[in-house]
Amino acid sequence: MGFISSSPATLVLLLLVISSCCFSSTIDAGGIPSTLDGPFKPVTIPLDTSFRGNAVDLPPTDPRVQRNVTGFVPEQISVSLSATHDSVWISWITGDFQIGEEIQPLDPKTVASVVKYGTTNSSLSNVANGNSLVYSQLYPFEGLQNYTSGIIHHVRLQGLNPSTTYFYQCGDPSISAMSDVHSFTTMPASSSQSYPTRIAIVGDLGLTYNTTSTVDHMASNNPDLILLVGDVSYANLYLTNGTGADCYTCAFPDSPIHETHQPRWDYWGRYMQPVISRVPIMVIEGNHELETQVKKKVFESYSARFAFPSEESKSHSTMYYSFNAGGIHFVMLGSYIGYHKKSHQHKWLKKDLASVDRKVTPWVVATWHAPWYSSYAAHYREAECMKVAMEDLLYKHGVDMVFNGHVHAYERSNRVYNYELDPCGPVYITVGDGGNREKMAIPHADEPGNCPDPATTPDQIMGGFCAFNFTSGPAKGSFCWDRQPDYSAYRESSFGHGILEVKNETHALWTWHRNQDMYSSPGDQLYIVRQPEKCPVKAKRRSRLDNPKNQS
């Protein structure tokens with residue numbers, strides 16, 4: 001797997017792992033390297049040409065994506081987190097979508113948004129009410145089919161206990177349109193001593209037979225939380241009539257607008273329900289969620305279908321937000337909304353990071369879609385302007401890990417800051433290998449003939465150009481390295497997902513699983529170790545909401 005041999009730092013880590021009072025069980029760290037052993041010599045795993053998988057979308061006839069309820073009985077049920085452990089969101093859809101030239105949106109006021117819940121499946125004595133909406137995807141051209149969704153419901157449950165399993169039903173009891181009983185488990189309270197057991201992280205998922213393999217592998221690891229770092233349904237690979245292609249611009253060059261077949265979102269929600277109706281999922285937007293329509297509206301489906309703790313985390317935008325899960329503070333950033341230093345997102349990020357009390361949430365994990373540190377030719381240095389605007393903030397506040405998608409492959413960095421190895425920089429991990437229909441990223445920018453023309457690298461959505469030739473280091477004077485960059489520790493083109501297990505306030509185990517392997521076999525594995533004494537971050541005073549004693 002490209003790991004270096006055990007070092008004294010690894011042996012120290014083993015002793016720390018075994019002796020830690022915070023572990024639920026003894027962990028054998030023998031043979032697993034840690035960031036204390038780094039920086040690592042760059043490793044590239046050769047492409048396994050026998051594995052490409054079946055990168056074909058599930059058809060509408062697949063039973064897993066068909067509507068299996070009638071009337072206003074809920075479907076596409078999902079759970080997502082609020083900003084703190086004592087609150088979650090339950091979301092679902094009632095009524096079927098409509099697509100065609102003549103559509104009449106459903107009236108959200110005709111169906112109530114109710115969740116009954118409790119700590120046993122036979123006593124759902126608590127009741128919460130929420131809100132509902134309908135969104136449409138409309139096109140101003142003759143022959144294109146418009147779309148309107150079913151009624152989308154979001155209900156926030158509050159006053160929940162930490163690390164507790166709750167059972168729930170959702171729907172409208174007044175018309176006997178209630179779901180089956182489902183369950184979820186709340187996150188631990190914010191504390192340096194408590195963490196979710198396993199967090200699944202995946203990107204660029206789509207709805208192919210590769211996707212089903214990824215989701216099956218991911219579910220087998222029994223995650224407590226799922227992070228989806230952009231590019232969800234890939235509905236925009238289709239015309240409104242349902243005709244699809246691997247390359248939209250190649251297959252449909254004469255289309256008057258970049259159409260999108262919205263029923264793919266409904267198929268995705270139905271397929272994912274067995275998992276995300278019990279495991280909370282947190283999503284951030286990718287470029288495939290843009291979906292421009294009439295009046296230049298964008299990100300309508302993404303913003304409508306998922307519940308976000310935006311208001312709770314003071315962002316007031318579905319495109320970026322934050323939340324706590326035990327002793328971890330997650331920052332979900334938007335690659336496709338203003339990020340320059342005068343933007344609302346940048347100002348919000350500065351306040352959010354400054355408010356984190358590292359004595360309560362020692363770990364800070366950031367995610368967004370387009371990676372800053374990727375050595376693949378695909379999307380090479382595309383997000384450089386975002387990096388220039390925000391990297392200093394993340395470094396100053398001691399962000400520990402960053403997860404991205406967009407590039408359809410796997411890559412893990414050494415600790416890095418401004419392209420230079422830095423023991424206090426974050427570890428950047430690209431997991432854009434969830435299984436989507438588009439081709440896998442294989443060529444590397446450092447290989448002969450693969451360095452992109454700089455003129456092709458600006459972000460096509462946000463605009464701007466910040467990726468100039470390197471002015472120092474081994475790549476000085478060049479746009480690309482002539483070998484695998486020092487910041488790139490491990491890279492491999494394969495489909496898969498990752499599992500993050502935070503063990504205590506200084507040690508976290510990261511494991512990347514490839515789809516072609518057995519469920520329990522790691523493709524890449526590393527202990528990420530915080531060194532607060534070496535890389536200090538000024539601790540903030542504990543707020544009332546951060547104190548578990550003040551929470552119900």
Side-chain angles (χ1 to χ4, degrees), residues 53 55-58 78 80 137 200-215 218 226-238 244-249 258-269 271-272 275-276 281-292 298-306 308 318-320 332-337 366-372 374 376 378-380 382-383 386 402-411 429-441 459-462 493-498 515:
V56 175
D57 278 321
L58 269 66
S78 65
S80 56
Q137 189 81 9
I201 304 175
V202 65
D204 301 68
L205 198 55
L207 190 57
T208 70
Y209 292 100
N210 282 318
T211 305
T212 64
S213 178
T214 299
V215 173
M218 180 178 68
I226 300 169
L227 302 186
L228 177 47
V229 294
D231 284 0
V232 182
S233 73
Y234 285 81
N236 71 337
L237 291 185
Y238 287 80
D246 293 334
C247 174
Y248 185 100
T249 55
H258 192 127
E259 304 166 43
T260 173
H261 190 56
Q262 288 294 295
R264 297 299 305 183
W265 277 101
D266 297 283
Y267 304 158
W268 190 90
Y271 172 76
M272 291 296 294
V275 177
I276 62 178
I281 184 169
M282 305 302 287
V283 182
I284 199 67
E285 82 280 357
N287 56 298
H288 282 274
E289 279 71 73
L290 184 71
E291 299 183 319
T292 304
V298 292
F299 296 104
E300 286 289 296
S301 185
Y302 160 82
S303 296
R305 289 176 179 269
F306 299 102
F308 307 93
T318 61
M319 307 286 278
Y320 56 90
M332 313 288 280
L333 299 178
S335 297
Y336 306 109
I337 189 172
T367 79
W368 60 89
H369 187 58
W372 297 349
S374 171
Y376 286 86
H379 306 298
Y380 181 68
E382 182 182 285
M386 185 181 182
V402 172
F403 294 96
N404 305 116
H406 202 38
V407 175
H408 300 161
Y410 173 76
E411 186 166 17
I429 298 174
T430 298
V431 286
D433 56 344
N436 67 82
R437 181 171 173 168
E438 292 183 314
K439 63 183 180 180
M440 183 180 291
D459 182 352
Q460 295 180 0
I461 297 175
M462 292 305 297
S493 297
S494 189
F495 293 117
H497 76 284
N515 284 1

Please check: side-chain N/O of [X] versus main-chain N/O of [Y], any donor-acceptor pairing under 3.5 Å?
X      : Y      : value
Asn287 : Asp231 : no
Glu291 : Gln137 : no
His497 : Val215 : no
Ser493 : Ala441 : yes
Asp204 : His406 : yes
Thr208 : Gly435 : yes
Ser233 : Ala235 : yes

Roughly how far, to the nearest 0.5 Å, is the [atom2] atom of [Y] from the [atom1] atom of [X]?
X      : Y      : atom1 : atom2 : value
Ile226 : Met282 : CD1   : CE    : 11.5 Å
Leu228 : Ile201 : CG    : CD1   : 11.0 Å
Asn515 : Asp433 : CG    : CG    : 7.5 Å
His258 : Thr292 : NE2   : OG1   : 8.5 Å
Thr367 : Leu333 : OG1   : CG    : 7.0 Å
Arg264 : Asn236 : CZ    : CG    : 11.5 Å

What orientation do [X] and [Y] show, parallel under 30°, tilted 30 to 60°, or perpendicular over 60°?
X      : Y      : answer
Tyr302 : Phe306 : tilted
Tyr238 : His261 : tilted
Trp265 : Trp268 : perpendicular

Query raised in the report: Are the aromatic ring centres of Tyr248 and Tyr234 under 6.0 angstrom apart?
Result: no
If you look at every heavy atom in [X] and [Y], which pair is closest and at what distance?
X      : Y      : answer
Gly334 : Tyr320 : N-CB, 4.0 Å
Ala383 : Pro371 : CB-O, 3.8 Å
Thr318 : Glu285 : O-OE1, 4.4 Å
Gly286 : Tyr336 : C-CE1, 3.5 Å
Leu207 : Asp57  : O-OD1, 3.1 Å

**Report entry** Contacts of type ring-ring contact (aromatic ring centres under 6.0 Å, His included), residue Tyr410, not counting sequence neighbours
**Finding:**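 Only Tyr490, Trp512 meet the ring-ring contact (aromatic ring centres under 6.0 Å, His included) criterion with Tyr410.
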Query raised in the report: Out of Ile276, Asp266, Thr212, which residue meets the side-chain contact (heavy atoms from CB on, under 4.5 Å) rule with Tyr271?
Result: Thr212
Report summary line: Of Asn436, Val283, Ile281, Leu205, the one forming a side-chain contact (heavy atoms from CB on, under 4.5 Å) with Val232 is Val283
Query raised in the report: Which is it for His369 and Glu289 under the side-chain hydrogen bond (donor to acceptor under 3.5 Å, both in side chains) test, yes or no, and what are the steps along the way?
Result: CA-CA 11 Å; His369 187 58; Glu289 279 71 73; over 6 Å; no
Query raised in the report: How far apart are the C-alpha atoms of Ser335 and Met386, what are their side-chain angles, what is the distance that settles it, and do they pass the side-chain contact (heavy atoms from CB on, under 4.5 Å) test?
Result: CA-CA 7 Å; Ser335 297; Met386 185 181 182; 4.0 Å; yes
Requested in this report: State, without any angle test, whether Thr211 and Thr214 hold a side-chain donor-acceptor pair at a distance under 3.5 Å.
Outcome: no
Report task. Please assess Val229 against Trp368 for the test side-chain contact (heavy atoms from CB on, under 4.5 Å), listing each intermediate value before the final yes or no. Result -> CA-CA 6 Å; Val229 294; Trp368 60 89; over 6 Å; no
Query raised in the report: Would you say the side chain of Gln262 lies within less than 4.5 Å of the side chain of Ser301, judging by non-hydrogen atoms?
Result: yes
